[in-house]
Amino acid sequence: MVSVLCALLLAGCAGRAPEAARSKDSLLRVASGVSSEQRGASPAPGTAAEEAALADAHDAEVDDDDGEVDDGLEPPADPGTGARAHSPLSAMTEAQIEELFSKDPAALGPMSLGATNAGALFNGVRMPEGDRWELVDPAHAWGTRETIDALDRAIAEVHRQFPGSPKLYIGHISAREGGRLSPHKSHQAGRDVDISYFLDARHRWYQRATAANLDRERTWAFVRALVTETDVELILIDSSVQRLLKEHALKIGEDKDWLDEVFQLGSRKPRPLIRHARGHANHIHVRFYSPVAQESAARAYPLLVKRGAIKPTSQYVRHTAKKGQTLGSLARQYGTTVEAIKRANGLRSTAIQAKRVYNIPRPSSGPAAPPKQIVVPPRRLPPPKAADAPPPPARHGEPGPALDG
């Protein structure tokens with residue numbers, strides 16, 4: 001069955017680059033090897049279920065002509081106030097950090113270096129095997145400690161509310177040392193996670209979520225936990241699935257104004273956490289803040305480059321292509337080369353598309369200047385429900401609420 005799907009996929013994608021085909025083929029092979037007690041027996045060839053599986057396999061294809069998943073969104077920094085990171089390295093001198101590195105590099109702790117679409121990971125932590133999730137590709141399930149803990153916390157909340165829930169599939173986080181991970185634009189710094197929706201009994205990895213198969217209760221419980229109990233920077237969910245989840249949340253009594261701050265769909269509020277991106281009807285993309293790992297990276301970055309522990313992370317300008325522009329014109333404009341732009345964006349030809357955003361590498365003579373101190377915005381919490389709200393203060397001359405005893 002899988003061989004047939006792969007053959008059809010590759011035939012249907014003739015003209016796309018071999019690397020993109022290999023990425024899709026690899027994803028299908030990995031998915032076919034993932035065990036799931038909830039799937040039941042495989043459907044017989046030629047059935048409607050097989051046709052549905054083929055449609056799902058096509059959904060697993062990358063969305064863009066350059067072979068990348070559209071997960072590289074880098075929203076501008078939130079100008080609001082928030083909690084500042086406090087890395088253990090902040091109180092150490094450069095000499096002390098270097099001495100610790102010489103004795104035990106692991107003691108420096110996990111570090112998320114650079115942007116999620118142009119970064120690296122040092123001292124990463126691999127997502128462990130668990131009875132509440134299944135790792136699709138363990139070799140690329142490395143993240144910061146904060147990422148791993150936040151993911152575990154959100155999944156645990158679903159199982160607290162719904163004991164006996166099925167496993168989620170966890171796809172790519174980052175490679176062990178971060179950096180480019182095909183077919184993604186992001187997933188480079190240990191803070192991005194691909195994870196499945198809760199679906200019906202025949203759930204497979206990279207299966208499209210629809211009105212017919214989406215487990216709204218469990219998926220909303222998971223997304224709600226991400227928003228309210230973890231330091232999440234953004235969540236990418238296809239607008240069709242956003243609609244299903246938002247309708248369910250309203251139905252169970254969630255506050256509409258709060259939901260408008262959370263969901264991009266149907267909202268005009270600035271900076272929604274959940275945003276639409278192509279290719280995310282078959283999985284959720286979550287990006288976490290990792291303030292300690294990010295602050296540690298800013299503190300130790302020059303040392304790590306000097307000692308050869310990491311390569312200098314790339315510095316990019318984000319450029320939205322205009323009609324008539326070419327890679328050659330962009331290379332001349334920014335003082336770089338066509339080949340450098342192709343490498344930075346995973347392009348295999350010189351064709352670019354108007355209105356697409358491209359990473360343009362900036363020349364760098366040394367380690368990048370450490371960023372400003374990492375600030376994590378406050379979590380977006382819903383207003384307390386009437387039953388949970390504290391009693392109003394007593395007016396002057398009126399008795400307050402009775403106390404037991």
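In this text, all values refer to a predicted model and were calculated from it rather than measured experimentally. If you read the sequence from its start, that first residue is 1, and numbering goes on from there.
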Subject >> Separation of Leu259 CG from Glu247 CD (nearest 0.5 Å) >> reply: 11.5 Å
Original post:
Does Ile310 reach the side chain of Val305, with side-chain heavy atoms less than 4.5 Å apart?
Top reply: yes
Original post:
Does Leu381 offer a backbone N or O that forms a donor-acceptor pair with the side chain of Thr228 under 3.5 Å?
Top reply: no
**OP:** For the pair Glu295 (side chain) and Ser87 (backbone), establish whether a donor and an acceptor sit closer than 3.5 Å, ignoring hydrogens and angles.
**Re:** no
**OP:** Kindly indicate, with the supporting measurements, whether the criterion side chain to side chain donor-acceptor pair (under 3.5 Å) is fulfilled by Ser186 and Thr116.
**Re:** CA-CA 5 Å; Ser186 60; Thr116 58; 5.3 Å; no
**OP:** Taking all non-hydrogen atoms of both residues into account, name the closest pair between Ala354 and Lys323 and its distance.
**Re:** CB-N, 3.8 Å
Original post:
Where the side chain of His276 meets the backbone of Ser239, is there a donor-acceptor pair that is under 3.5 Å apart?
Top reply: yes
Original post:
More than 12 heavy atoms of other residues, nucleotides or ligands under 6.0 Å from CD of Glu177: is that the case?
Top reply: no
Original post:
Step by step, would you call Phe288 with Val286 a side-chain contact (heavy atoms from CB on, under 4.5 Å)?
Top reply: CA-CA 6 Å; Phe288 295 101; Val286 186; 3.6 Å; yes
Original post:
Can Arg356 be said to sit on top of Tyr358's aromatic six-ring, NZ or CZ under 6.0 Å from centre and within 45° of the ring axis?
Top reply: yes
**OP:** Would you check, one step at a time, whether the test side chain to side chain donor-acceptor pair (under 3.5 Å) holds for His319 with Tyr334?
**Re:** CA-CA 10 Å; His319 179 91; Tyr334 289 99; 2.8 Å; yes
Original post:
Do any N or O atoms from the side chain of Arg132 and from the backbone of Ile155 form a donor-acceptor pair under 3.5 angstrom?
Top reply: no
Subject >> Closest heavy-atom pair and its distance - Pro128, Trp133 >> reply: O-NE1, 2.7 Å
**OP:** Working to the nearest 0.5 Å, report the span between CG of Leu214 and CG of Leu245.
**Re:** 5.5 Å
**OP:** Report the C-alpha distance between Thr230 and Arg153 in whole Å, list the side-chain angles of each, state the deciding distance to 0.1 Å, and finish with yes or no for side-chain contact (heavy atoms from CB on, under 4.5 Å).
**Re:** CA-CA 8 Å; Thr230 75; Arg153 187 179 312 123; 3.9 Å; yes
**OP:** Run the salt-bridge test on Arg307 and Glu98 with the 4.0 Å N-O cut-off and return the result as yes or no.
**Re:** yes
Subject >> Ser290 side chain to Ala293 backbone, donor-acceptor under 3.5 Å >> reply: no
Original post:
Under 3.5 Å, is there a donor-acceptor pair between the side chain of His280 and the main chain of Ala277?
Top reply: yes
Subject >> Spacing of CZ belonging to Arg379 relative to CG belonging to Leu226, to within rounding of 0.5 Å >> reply: 11.0 Å
**OP:** May I ask you to test the Ile195-Tyr169 pair for a side-chain heavy-atom distance under 4.5 Å?
**Re:** no
Original post:
Would the number of heavy atoms belonging to other residues, nucleotides or ligands and lying under 6.0 Å from NZ of Lys269 be above 12?
Top reply: yes
**OP:** Check step by step if side chain to side chain donor-acceptor pair (under 3.5 Å) holds for Trp220 and Glu254.
**Re:** CA-CA 11 Å; Trp220 170 239; Glu254 298 285 11; 3.2 Å; yes
Subject >> Shortest non-hydrogen contact from Ala189 toward Gly114 >> reply: CB-O, 4.4 Å
**OP:** Can you measure from CG (Leu168) to CD (Glu134) and round to the nearest 0.5 angstrom?
**Re:** 11.0 Å
Original post:
For Arg332, which residues count as a salt bridge (charged side-chain N to carboxylate O under 4.0 Å, His left out) partner, sequence neighbours excluded?
Top reply: none
Subject >> Donor + acceptor pair across side chains of Ser165, Arg218 (<3.5 Å) >> reply: yes
**OP:** State whether the side chain of Asp149 and the backbone N or O of Glu146 hold a donor-acceptor pair below 3.5 Å, judged by distance alone.
**Re:** no
**OP:** Taking the side chain as every heavy atom from C-beta outward, state whether Leu265 and Ile274 have any atom pair closer than 4.5 Å.
**Re:** no
**OP:** Using modelled atom types only, decide if a donor and an acceptor are shared between the side chain of Asn345 and the backbone of Asn359 within a distance under 3.5 Å.
**Re:** yes
Subject >> Non-hydrogen atoms of Thr144 and Ser112 that approach each other most closely >> reply: CG2-CB, 3.8 Å
**OP:** May I ask you to decide whether Glu99 forms a salt bridge with Lys103, counting only side-chain N to carboxylate O separations under 4.0 Å?
**Re:** yes
Original post:
Considering all heavy atoms of both residues, which atom of Thr350 and which atom of Lys342 are nearest to each other, and what is their separation?
Top reply: CG2-CD, 4.4 Å
Original post:
Which heavy atom of Pro377 sits nearest a heavy atom of Val375, and at what distance?
Top reply: CD-O, 3.6 Å
**OP:** Decide yes or no for Glu94 and Arg299: does some side-chain heavy atom of the first lie under 4.5 Å from some side-chain heavy atom of the second?
**Re:** yes
Original post:
Restricting to pairs with a member in residues 105-129, which pass salt bridge (Lys or Arg N to Asp or Glu O under 4.0 Å), not counting sequence neighbours?
Top reply: Arg126-Glu129
Original post:
Would a 4.5 Å heavy-atom cut-off, applied to side chains only, mark Ile148 and Ile173 as touching?
Top reply: yes
Original post:
Is the gap between the ring centers of His283 and Tyr197 under 6.0 Å?
Top reply: no
Subject >> Heavy-atom side-chain proximity of Val262 to Lys246 below 4.5 angstrom >> reply: no
Original post:
Looking at side-chain heavy atoms only, is the closest gap between Val232 and Arg287 below 4.5 Å?
Top reply: no
**OP:** On the 0 to 90° scale, with breaks at 30° and 60°, tag the His172-His187 ring pair as parallel, tilted or perpendicular.
**Re:** perpendicular
**OP:** Decide yes or no on side-chain contact (heavy atoms from CB on, under 4.5 Å) for Ile235 and Ile284, but give the supporting numbers first.
**Re:** CA-CA 7 Å; Ile235 302 171; Ile284 304 172; 3.6 Å; yes
**OP:** Can you measure from CZ (Phe222) to CD (Gln161) and round to the nearest 0.5 angstrom?
**Re:** 12.5 Å
Original post:
With a 6.0 Å cut-off on ring centres, are Phe198 and His203 close enough?
Top reply: no
**OP:** Check whether any side-chain heavy atom of Val292 lies under 4.5 Å from a side-chain heavy atom of Gln294, and answer yes or no.
**Re:** no
Subject >> Distance in Å, Gln242 CD paired with Ile237 CD1, rounded so as to fall on 0.5 Å steps >> reply: 6.0 Å
**OP:** Determine, step by step, whether Ile170 and Asp194 satisfy the side-chain contact (heavy atoms from CB on, under 4.5 Å) criterion, reporting the C-alpha distance in whole Å, the side-chain angles of both residues, the deciding distance to 0.1 Å, and the verdict.
**Re:** CA-CA 6 Å; Ile170 297 177; Asp194 283 348; over 6 Å; no
Original post:
With a cut-off of 6.0 Å (strictly less than), are more than 12 heavy atoms of other residues, nucleotides or ligands near CD of Gln333?
Top reply: yes
Subject >> Any donor-acceptor pair under 3.5 Å from Asn123 side chain to Pro105 backbone >> reply: yes
**OP:** Measure from the side-chain N and O atoms of Thr147 to the backbone N and O of Gly143, and report whether any donor-acceptor pair falls under 3.5 Å.
**Re:** no
**OP:** Give a yes or no on whether a salt bridge exists between Lys256 and Asp260, defined as a side-chain N under 4.0 angstrom from a carboxylate O.
**Re:** yes
